[in-house]
Novice: 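The structure is given below, and queries will be raised subsequently.
Worth knowing before you read on, the calculation uses all heavy atoms, side chains too, and leaves out hydrogens, waters and symmetry mates.
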Amino acid sequence: MGTKPVLVVHGGAWAIPDEFAERSILGVKNAVKSGFAVLEMGGSSMKAVEIAVRALEDDTVFDAGHGAVLNADGYVELDAIIMNGKTLAAGAVSCIRNISNLVIFACSVLEKTPYVMLTGMGANQFAEKLGIPQVPVEELVTDHAKAEWEQYRKYNQKLQVHDTVGAVAIDCEGNMACATSTGGITNKMVGRVGDTPVIGSGGYADNLVGAVSATGHGESIMKVTLARLILFHMEQGKTPEEAADSALHYMEKRVHGRGGVIVVSKTGEWTARFTTKQMAWAGIKEGVLMYGLNPGETIQEIIKPSK
C-alpha cells in the first residue's frame, strides 16, 4: 500500500513588500508543481525537494541563489541544507559564493563525502573539484538587492530579514526529505551563518516522525533548534499544526524571535504556519494545490494529475 505523496514549499517568512507579493505566490506555486511532478511519477522525496528548491533559487524574487542579498562587504554568502528522512543523512554548505543552486551542492556533500557540513574556502574548492558550475557574482545580485544594501549602508538601518526558501516532502514509499536554501540577511556581518544549514534548526527530516523546513530570524531559530523542536512535539502526539504553533510561540516568548515553518508528518498531514507578517507557501496533495501569503489565508486550486 503506497503513501499519498505530499510536497510543501515556502518562500520565506517576513513582511513581503506589495510589489513582491504576486511574484512570490506565483514562484511558490511554480516550484511546488515542479517538485510534485517528480512525486507523481514515483520519484523520491529527495529529488522532489531538490527540484522545488532549485526552482525557488532560480527565481529572483526570493533570497536564495539568484535573488540573494549582500553582506556588509557587498558580496553574497549562501547557505543550504538537504536531509534524507530514511537514513538521516544530511548535506549542508555555508558561506558559498558564485554558485546559483546551493541545494545541488548540498546534495553532493551528502552523496560524495562522509561529512554533514562544508563551509568557506574548503567548500568552494570542493565545488570546483566536482565541476559544479560557477557564475559571476553579478548574476546572483538583483538591482533590488544592490539598492537595499546601499540604503542600509547609507542610513545605517537595522538588518532586514528577507530570508530563505525551503521544501518538505513524503513520497509514494513513505520516505521523507527536507531542503532549505538562503542568501541570509542584508548587510550581515561577513562570515555570519544563520539557521539554514544547521541540522535540526533550518531543517530536519525523519521517516519515523516528519519533515520540517524553517524560515525567519536565524539566531532565534538556532537557539531553540526549531525544526527538531517541532518534530519533538509531534513525537508527543501533536498534529503538525499544533506542533508548529507550539514551537513558534515558544520561540517568540523565549527569545523574542519570529519565523515560519512548513511541516509534513509521516502519515502525510501537512501545514504551513508563521508568526511573521507574511509567508509565501504552497502545497500539493491528492490533486489539490493550496497556497497562501497572509495569516489565516488558504486558497485552493484543483489540479489535474499528470498522466
Side-chain angles (χ1 to χ4, degrees), residues 9-10 12 46-59 62-71 73 75-85 87-137 139-141 162-168 177-185 188-205 211-215 218-219 221-222 225-228:
V9 306
H10 70 76
M46 284 289 286
K47 181 50 74 174
V49 296
E50 181 198 326
I51 294 291
V53 169
R54 275 169 61 183
L56 294 164
E57 288 174 335
D58 288 340
D59 190 329
F62 301 113
D63 175 21
H66 284 276
V69 296
L70 304 178
N71 67 11
D73 278 1
Y75 60 82
V76 167
E77 285 181 318
L78 307 171
D79 308 323
I81 191 170
I82 189 165
M83 186 165 182
N84 182 331
T87 61
L88 301 189
V93 290
S94 77
C95 291
I96 305 300
R97 305 186 201 178
N98 302 90
I99 294 174
S100 58
N101 291 121
L102 260 275
V103 70
I104 298 175
F105 188 18
C107 278
S108 297
V109 173
L110 186 157
E111 292 164 0
K112 297 180 169 138
T113 82
Y115 311 117
V116 168
M117 189 191 291
L118 294 180
T119 189
M121 190 187 298
N124 284 287
Q125 285 170 348
F126 183 58
E128 279 182 37
K129 187 178 169 186
L130 292 175
I132 291 177
Q134 296 208 3
V135 295
V137 170
E139 193 178 305
L140 300 179
V141 179
H162 268 238
D163 221 47
T164 313
V165 302
V168 293
C178 72
T180 313
S181 179
T182 192
I185 48 182
K188 66 180 180 179
M189 181 178 172
V190 175
R192 177 263 185 189
V193 179
D195 65 289
T196 296
V198 179
I199 191 170
S201 295
Y204 201 85
V212 179
S213 173
T215 165
E219 282 69 19
I221 290 170
M222 284 189 281
T225 54
L226 184 62
R228 192 64 190 83

Novice: With sequence neighbours left out, what residues match Glu77 under side-chain hydrogen bond (donor to acceptor under 3.5 Å, both in side chains)?
Specialist: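 Asn71.
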Novice: Which heavy atom of Thr164 sits nearest a heavy atom of Ala214, and at what distance?
Specialist: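 Smallest heavy-atom distance, with atoms named: CG2-O, 3.7 Å.
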Novice: Provide the closest heavy-atom pair for Ala211 versus Ala177 in the form atom of the first, atom of the second, distance.
Specialist: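 The answer is CB-O, 3.6 Å.
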Novice: To the nearest 0.5 Å, tell me how far Glu50 CD sits from Ile82 CD1.
Specialist: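 Glu50 atom CD to Ile82 atom CD1 measures 5.5 Å (nearest 0.5 Å).
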Novice: Show the nearest heavy-atom pair for residues Met222 and Asp195, with the distance to one decimal.
Specialist: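 Smallest heavy-atom distance, with atoms named: CG-CA, 3.6 Å.
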Novice: Out of curiosity, Arg228 CZ to Leu226 CG, how far, rounded to the nearest 0.5 Å?
Specialist: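 The CG atom of Leu226 is 12.0 Å from CZ of Arg228, to the nearest 0.5 Å.
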Novice: Measure the OG1-CZ distance between Thr119 and Phe126 for me, rounded to the nearest 0.5 Å.
Specialist: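 Thr119 atom OG1 to Phe126 atom CZ measures 14.0 Å (nearest 0.5 Å).
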Novice: For Cys178 and Val168, work out which heavy atoms get closest and say how close.
Specialist: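 Reported closest heavy-atom pair: CB-CG1, 3.9 Å.
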Novice: For Gly202, is there any backbone N or O sitting under 3.5 Å from a side-chain donor or acceptor partner on Thr180?
Specialist: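 Yes: the side chain of Thr180 pairs with the backbone of Gly202.
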Novice: Could you go through Val165 and Val9, starting from their C-alpha distance and side-chain angles, then the distance that decides it, and tell me whether this counts as side chain to side chain contact (heavy atoms under 4.5 Å, CB included)?
Specialist: CA-CA 7 Å; Val165 302; Val9 306; over 6 Å; no
Novice: Give me the atom names and distance for the closest heavy-atom approach of Ala52 to Ala167.
Specialist: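 In this case the closest contact between Ala52 and Ala167 is CB-CB, 4.1 Å.
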Novice: Please list all pairs meeting side-chain hydrogen bond (donor to acceptor under 3.5 Å, both in side chains) that have one or both residues in residues 121-134, counting only residues at least two apart or in different chains.
Specialist: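 Non-adjacent pairs meeting side-chain hydrogen bond (donor to acceptor under 3.5 Å, both in side chains): zero.
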Novice: Side chains of residues 96-108: which donor-acceptor partners sit under 3.5 Å, not counting sequence neighbours?
Specialist:
{"unit_1": "Arg97", "atom_1": "NH2", "unit_2": "Tyr75", "atom_2": "OH", "d": "3.0"}
{"unit_1": "Asn98", "atom_1": "ND2", "unit_2": "Val135", "atom_2": "O", "d": "3.1"}
{"unit_1": "Asn101", "atom_1": "ND2", "unit_2": "Glu57", "atom_2": "OE1", "d": "3.0"}
{"unit_1": "Asn101", "atom_1": "ND2", "unit_2": "Asp58", "atom_2": "OD1", "d": "3.2"}
{"unit_1": "Ser108", "atom_1": "OG", "unit_2": "Ile104", "atom_2": "O", "d": "3.3"}

Novice: Please identify each residue that fulfils side chain to side chain contact (heavy atoms under 4.5 Å, CB included) with Pro136, with sequence neighbours left out.
Specialist: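 Partners of Pro136 under the side chain to side chain contact (heavy atoms under 4.5 Å, CB included) test: Glu138, Glu139.
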Novice: What distance do Met117 atom CE and Ile81 atom CD1 have between them, rounded to the nearest 0.5 Å?
Specialist: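 The CD1 atom of Ile81 is 6.5 Å from CE of Met117, to the nearest 0.5 Å.
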Novice: With rounding to the nearest 0.5 angstrom, report the CG to NE2 distance, Leu56 to His10.
Specialist: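 Separation between the atoms: 8.5 Å.
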Novice: Can you name the closest pair of heavy atoms from Ala90 and Ile199 and give their distance?
Specialist: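 Shortest heavy-atom separation between Ala90 and Ile199 comes out as CB-CD1, 3.9 Å.
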Novice: Distance check, rounded to the nearest 0.5 Å: Leu130 atom CG versus Thr113 atom OG1?
Specialist: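 One gets 9.5 Å once the value is rounded to the nearest 0.5 Å.
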Novice: Who passes side chain to side chain contact (heavy atoms under 4.5 Å, CB included) against Val193, sequence neighbours left out?
Specialist: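 Once residues adjacent in sequence are excluded, the partners of Val193 under the side chain to side chain contact (heavy atoms under 4.5 Å, CB included) criterion are Asp79, Ser94, Cys95, Pro197.
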